Student: 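Sharing a structure here in structure tokens format.
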Number of protein chains: 2
Amino acid sequence: MTDGQQASDVLQRQGAFAARDEWTAKGWCRIERALELIGTRSAMLVLRELFYGGTRFDEFARRTGLSEAVVASRLKQLHADGLVDRRPYREAGKRTRDEYVLTERGRQLFPILVALMQWGETLRDDHRTGVELVHRGCDAPLGAQVRCAAGHEVPLNQAAVRLKDEDYVKAALGRN
Amino acid sequence: MTDGQQASDVLQRQGAFAARDEWTAKGWCRIERALELIGTRSAMLVLRELFYGGTRFDEFARRTGLSEAVVASRLKQLHADGLVDRRPYREAGKRTRDEYVLTERGRQLFPILVALMQWGETLRDDHRTGVELVHRGCDAPLGAQVRCAAGHEVPLNQAAVRLKDEDYVKAALGRN
DNA sequence: GTTCTGGCTATGGTTTTCCAAAGCCAGATG
DNA sequence: CATCTGGCTTTGGAAAACCATAGCCAGAAC
């Protein structure tokens with residue numbers, strides 16, 4: 001099997017990445033890294049509500065169906081990780097409270113949310129239930145697409161994986 | 001606050017979706033649905049290896065760092081859910097085994113994988129480690145973009161949520 | 001000052017997720 | 001036939017995620 005040639009329709013492996021027995025992803029995988037912050041059901045559900053415009057504690061508890069304890073610890077973690085901001089607000093006749101809003105880092109999760117919704121849509125065929133995301137004005141439904149920096153839409157069979165910096169990785173493994 | 005107007009930069013809520021106190025997502029949320037199948041760390045790591053072209057049991061165990069027991073049960077679940085196929089193969093001098101490959105439904109997770117990697121990339125700044133996905137030939141790095149069916153790239157502040165079928169939802173809630 | 005309420009926090013227990021280590025079995029090898 | 005090996009499976013247990021219920025506290029409301 002030559003470099004990159006594989007049995008099935010998956011990512012083409014390029015360069016030193018193909019010789020994967022000589023190294024492991026250790027703590028380098030970006031997916032693992034992302035999942036440390038948003039890899040629980042409760043985190044994703046709270047984030048969903050944040051994207052839907054929810055801002056208050058009991059909103060999150062009621063609309064996600066999660067217990068208050070879980071919501072509290074999840075909001076605390078999301079805040080510590082810089083995905084949500086707390087800011088004080090005050091309703092007439094009420095005391096000062098905090099509301100929760102997405103930070104820029106949190107808002108950058110948008111493609112993940114959209115991709116999950118799109119994929120989840122294909123799992124069953126109750127296409128009249130649930131919500132849809134649309135482009136304001138244009139009104140066309142949204143989806144997540146894989147594109148390269150040059151602007152081409154890239155299907156799986158035109159994509160490849162490789163190490164970002166082979167020399168650096170080899171050096172790091174050497175002194176390991 | 002009128003329909004859709006909100007404090008922060010999130011999804012605009014349209015129509016009956018704005019009156020969210022009268023209904024709940026129940027079992028209708030596509031994100032929850034997706035997370036039932038791929039919502040664990042182990043599932044995502046095994047899927048990562050499948051996209052990288054891994055096919056065999058001990059490959060998954062070694063490269064994900066998961067225990068064999070977890071890999072076995074995850075592969076079983078992914079197969080039951082129709083994300084991977086098992087197919088028999090035979091190496092010379094070895095007995096017949098099964099290898100695991102992504103089904104079409106599994107391959108459709110591609111945008112989710114890409115979006116997760118892209119977001120994970122922004123979390124720390126060790127930009128020399130890890131892997132990158134590129135467009136074959138073009139060589140430009142990949143990312144996940146939100147676009148509408150009409151082809152426009154859609155930032156969060158130009159997107160909206162609404163119920164797919166308000167009448168259907170109201171009827172369903174009525175006989176609830 | 002007493003009461004009430006909204007916004008959490010604490011407690012105890014169940015389920016899910018994971019690991020480490022040992023076991024098992026089909027079939028190749030000797 | 002006896003042994004070995006690759007590919008799982010089983011067992012036992014720790015840790016994380018979750019729920020239900022009860023509690024607590026700041027500050028309106030009275």
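Predicted model, so just to flag it, every value in this text is computed and none were measured.
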Student: Under 4.0 Å between a Lys/Arg side-chain N and an Asp/Glu carboxylate O for B:Glu36 and A:Arg41?
Tutor: no
Student: Whole angstrom is fine here: how far is it from CG in A:Leu45 over to P in D:dA17?
Tutor: 14 Å
Student: Between P on D:dG7 and CD on B:Glu59, what's the gap in Å once rounded to a whole number?
Tutor: 10 Å
Student: Could you check whether any side-chain N or O of B:Glu166 sits under 3.5 Å from a backbone N or O of B:Ala16, counting only pairs where one atom can act as donor and the other as acceptor?
Tutor: yes
Student: Using a cut-off of strictly less than 4.0 Å, decide whether B:Lys76 has a side-chain nitrogen or oxygen near OP1 or OP2 of D:dT9.
Tutor: yes
Student: Name the orientation class of the two ring planes belonging to A:Tyr52 and B:Phe17 (parallel below 30°, tilted from 30 to 60°, perpendicular beyond 60°).
Tutor: perpendicular
Student: Rounded to whole angstrom units, what separation is found between the CD atom of B:Glu32 and the C1' atom of D:dC18?
Tutor: 14 Å
Student: Does A:Asp126 pair with B:Lys164 as a salt bridge, N-O distance under 4.0 Å?
Tutor: no
Student: Rounded to whole angstroms, how far apart are CZ on B:Arg86 and P on D:dG7?
Tutor: 12 Å
Student: Among D:dG7, D:dC19, C:dT9, which nucleotide sits nearest the side chain of A:Ser67?
Tutor: D:dC19
Student: Using atom CD of A:Gln77 as one end and atom P of D:dA16 as the other, report the distance to the nearest whole Å.
Tutor: 12 Å
Student: On DNA chain C, nearest-nucleotide positions of A:Ala69 versus A:Tyr89: which is more 5'?
Tutor: A:Tyr89
Student: For A:Gly65 and for A:Glu68, locate the closest nucleotide of DNA chain D by heavy-atom distance; then report the residue assigned to the nucleotide nearer the 5' terminus.
Tutor: A:Gly65
Student: Take the protein atom CG of A:Leu66 and the nucleotide atom P of C:dC8, then report the distance between them rounded to whole Å.
Tutor: 15 Å
Student: C:dG6 C1' sits how many Å from A:Asp98 CG, rounded?
Tutor: 13 Å
Student: Using a heavy-atom cut-off of 4.0 Å across all strands, would you classify A:Gly39 as base, sugar-phosphate, or nothing?
Tutor: nothing
Student: A:Arg41 side chain N/O closer than 4.0 Å to the phosphate oxygens (OP1, OP2) of D:dA17?
Tutor: no
Student: Angle between ring planes, A:His135 versus B:His152, binned at 30° and 60°: parallel, tilted or perpendicular?
Tutor: perpendicular
Student: Within the 4.0 Å heavy-atom criterion, would you say B:Thr40 contacts the bases, only the backbone, or no part of the nucleic acid?
Tutor: sugar-phosphate
Student: Is the distance from OP1 or OP2 of C:dC18 to the nearest side-chain N or O of B:Arg74 less than 4.0 Å?
Tutor: yes
Student: Please tell me if A:Tyr100 has a side-chain N or O lying less than 4.0 Å from either OP1 or OP2 of C:dG7.
Tutor: no
Student: Considering only side-chain heavy atoms of B:Ser42, which listed nucleotide, C:dG7, D:dC8, C:dC18, is closest?
Tutor: C:dC18
Student: Taking CG from A:Asp58 and C1' from C:dT5, how many angstroms apart are they, rounded to a whole number?
Tutor: 12 Å
